[in-house]
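Side chains included, hydrogens not; waters and symmetry mates left out as well; all remaining heavy atoms used.
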Amino acid sequence: MKTVQVDVAIIGAGTAGLAAYHAATAAGARTAIIEGGDYGTTCARVGCMPSKLLIAAAESAHAIRKSSGFGIHVEGIIRVDGHEVMARIRRERDRFVGFVQREMRVIPDEDRIRGHARFLNDHTIAVSDHIRLTAGSIVIATGSSATYPDSSEALGDRMIVSDDVFDWLDLPKSVAVIGPGSVGLELGQALHRLGVRVVVFGRGGGVGPISDPEIRSYAIAAFNEEFTLESDTHIETLFRDGDRVVIGRLGANGSRETDSFDYVLAATGRIPNVTGIDLNQTTLRLDAKGVPLFDPATTRTMSTDGESTIFIAGDASNFIPLLHEAIDEGGIAGKNAALLALGKPVSPGLRRVPLGVVFTDPQIGIVGGGFHEMKAGTFATGQVNFENQGRARILLENKGLLNVYGDLTTGRFLGAEMLAPVAEHLAHLLSWALQNKMTITQMLEMPFYHPVIEEGLRTALQNLEIKLHPRSH
């Protein structure tokens, strides 16, 4: 077995791993990056990019269908060619993956190690039994994997996860989506708009990352105007019948229904890839799911003796599994791993305020911790309904609800939840205001053009300002 010694070893060459590598080398550390699978990030292969390609195709079909609202009529039928749709998705997906692979090729050969990594102790890694790697510090950036429900084995290839969708050669006729989270909603609505019969099943009434009861109720009603979203249903039976899957469920109103689909798409989340790397050989403290405990400010993990020499970043940490967070965490982990290995103290990195977007239509946006983080009696809410908002009506996108939250004592902006047109842009503006610790008054002093969607945001802020400072109005 070949022996290699480095300052920093990084397990995983995804988004977080690459960010960690560049940060560690920039800090002057001799760094090795280990990858046991194909090069190419989760985002590029099976996440952000291929899903947005599917959504873009769906939005194109939807735009044609709603053009009659502008007095523009398309004669004849709209034909969605599933082969062409999926061919473009795979082709563009492969381009994005190619960009990542090109980035990997820039890394010197001696820094790239191929093979499955497993811990021998806190400072030593075995790579596929052909390399023994010793490092001053180690970064775990092993990513995550989509989860399969317990019934997957009986359903065979009729049970899929989101990763599988992007390898389809054609669109199926029907899909049952289990899980109305971000992925389930995005893919479910997109497939529906591309002509696939879709039913999205949930349990407990949750919809995506929404925690504000008003926004959640509005979202359930809005999505059900377009496709079937059963946000609180109990699946009693799930079995394969030939090339179909039969689902029997008990609805919230007590009714029983049975339906069959070509596929069941399990959109029930992703789990950190921390099994199979022999964490039991380390001194790390693990949570109930086997994920190392760590300090989010430094990404440094905790050992039974206190702070360890191991860091964790990206989806593997299960902290905030989003690409921009993975980049930040990777940078923090790589820099601190290098500093520690070089005998210097670690330091907190920049952690931005939480920002989440779901690319449904209308889009979902969560700024800060959203309603879930608000403490009763300490905040007020300002609201706007986009149904009569000027720019939204012009665009025939007049559907949505936005709630902004402000501190009753300081007048500071605290966060927001929304189901709104172009929520991706509104959420960015609000996240910048939150990170800059702006008050509602200061936000209203910013420029607002006319006519734009942002005027709806101004209305919500004005409504909140009245609640925060009633005597001045």
Side-chain angles (χ1 to χ4, degrees), residues 181-182 205-220 295-297 319-322 324-325 328-329 348-360 362-386 389 392 400-448 452-473:
S182 301
V207 181
I210 299 171
S211 64
D212 189 309
E214 285 186 290
I215 307 295
R216 183 168 56 235
S217 296
Y218 191 102
I220 292 172
D295 176 6
F319 182 54
I320 306 178
L322 297 170
H324 65 280
E325 295 287 350
D328 286 349
E329 288 182 355
L350 172 64
R351 297 308 305 244
R352 304 167 215 267
V353 301
L355 167 65
V357 176
V358 182
F359 290 82
T360 49
Q363 294 178 340
I364 298 169
I366 309 293
V367 178
F371 181 83
H372 177 72
E373 292 296 317
M374 300 298 109
K375 295 181 180 179
T378 67
F379 73 100
T381 302
Q383 185 177 96
V384 64
N385 187 308
F386 284 94
Q389 199 273 331
L401 196 66
L402 162 65
N403 280 352
V404 290
Y405 316 116
D407 189 283
L408 286 170
T409 302
T410 65
R412 286 223 340 233
F413 173 60
L414 298 176
E417 291 201 18
M418 69 196 81
L419 179 84
V422 297
E424 58 185 292
H425 303 304
L426 296 176
H428 272 88
L429 286 176
L430 289 172
S431 68
W432 295 352
L434 182 59
Q435 187 150 320
N436 279 289
K437 301 179 180 180
M438 295 177 71
T439 65
I440 302 303
T441 300
Q442 289 172 330
M443 293 168 71
L444 284 169
E445 291 171 353
M446 296 296 103
F448 290 85
V452 292
I453 294 290
E454 285 75 9
E455 287 180 300
L457 167 60
R458 181 176 61 186
T459 298
L461 292 172
Q462 288 171 335
N463 291 334
L464 177 54
E465 175 83 345
I466 292 171
K467 293 182 180 180
L468 294 175
H469 307 289
R471 293 182 181 177
S472 62
H473 295 274

Which pair of heavy atoms, one from Ile210 and one from Ala219, lies closest together, and at what distance? CD1-CB, 3.8 Å
For Leu355 and Leu434: C-alpha separation, side-chain torsions, deciding distance, then whether side chain to side chain contact (heavy atoms under 4.5 Å, CB included) applies. CA-CA 10 Å; Leu355 167 65; Leu434 182 59; over 6 Å; no
Would you name the heavy atoms of Gly369 and Glu373 that are closest together and state the gap between them? CA-CG, 3.1 Å
Counterpart residues, side chain to side chain contact (heavy atoms under 4.5 Å, CB included), relative to Pro421 (two or more places apart): Phe386, Ala392, Glu397, Ile453
Correct closest heavy-atom pair for Ser182 and Val358 would be OG-CG2, 3.3 Å
Pairwise distance CD(Glu329) to NE2(His324) - rounded to 0.5 angstrom: 10.0 Å
Taking distance alone, no hydrogens or angles, what donor-acceptor pairs closer than 3.5 Å link side-chain atoms of residues 374-381 to residues at least two apart or in another chain?
from, atom 1, to, atom 2, distance (Å)
Thr378, OG1, Lys375, O, 2.6

Pairing residues for Met443 by the side chain to side chain contact (heavy atoms under 4.5 Å, CB included) criterion, not counting sequence neighbours: Phe413, Leu430, Ala433, Met438, Ile440, Leu461
Side chains of Thr459 and Leu402: does their closest heavy-atom pair fall under 4.5 Å? no
By salt bridge (Lys or Arg N to Asp or Glu O under 4.0 Å), Glu214 pairs with (sequence neighbours left out) none
Side chain to side chain donor-acceptor pair (under 3.5 Å) involving Thr441 - partner list, sequence neighbours excluded: Glu465
Quick one: salt bridge (charged side-chain N to carboxylate O under 4.0 Å, His left out) pairs with a partner in residues 416-427, sequence neighbours left out? none
State, with a plain yes or no, whether a side-chain heavy atom of Ile215 is found less than 4.5 Å away from one of Met418. no
Provide the closest heavy-atom pair for Ile220 versus Gly205 in the form atom of the first, atom of the second, distance. CD1-O, 3.9 Å
Those residues that, when tested against Pro213, pass side chain to side chain contact (heavy atoms under 4.5 Å, CB included) (two or more places apart): Arg216, Phe371
Reported NE2-to-CG distance for the pair His469 and Leu408, which is rounded to 0.5 angstrom: 10.0 Å
Flag side-chain contact, heavy atom, 4.5 Å: Ile366 against Pro354: no
Side chain to side chain donor-acceptor pair (under 3.5 Å) involving Ser431 - partner list, sequence neighbours excluded: none
Distance col, row Leu444:CG vs Arg458:CZ, nearest 0.5 angstrom, shows 8.5 Å
Please name the pair of heavy atoms, one in Glu455 and one in Gln389, separated by the smallest distance, quoted to 0.1 Å. CB-NE2, 3.8 Å
For Gln435, give me all partners under side chain to side chain donor-acceptor pair (under 3.5 Å), at least two apart in sequence or on another chain. none
Does His372 have more than 12 heavy atoms from other residues, nucleotides or ligands lying within 6.0 Å of its NE2? no
Mind checking what makes ring-ring contact (aromatic ring centres under 6.0 Å, His included) contact with Tyr218, not counting sequence neighbours? none
Can you name the side chain to side chain donor-acceptor pair (under 3.5 Å) partners of Asp407, sequence neighbours left out? Thr410
How long is the span from the CG atom in Asn403 to the CG atom in Asp212, to the nearest 0.5 Å? 4.5 Å
Of all heavy-atom pairs between Gly365 and Ala427, which one has the smallest distance, and what is that distance? CA-CB, 4.5 Å
Applying side chain to side chain contact (heavy atoms under 4.5 Å, CB included), name anything that partners Asp328, two or more places apart in sequence or on another chain. Arg352
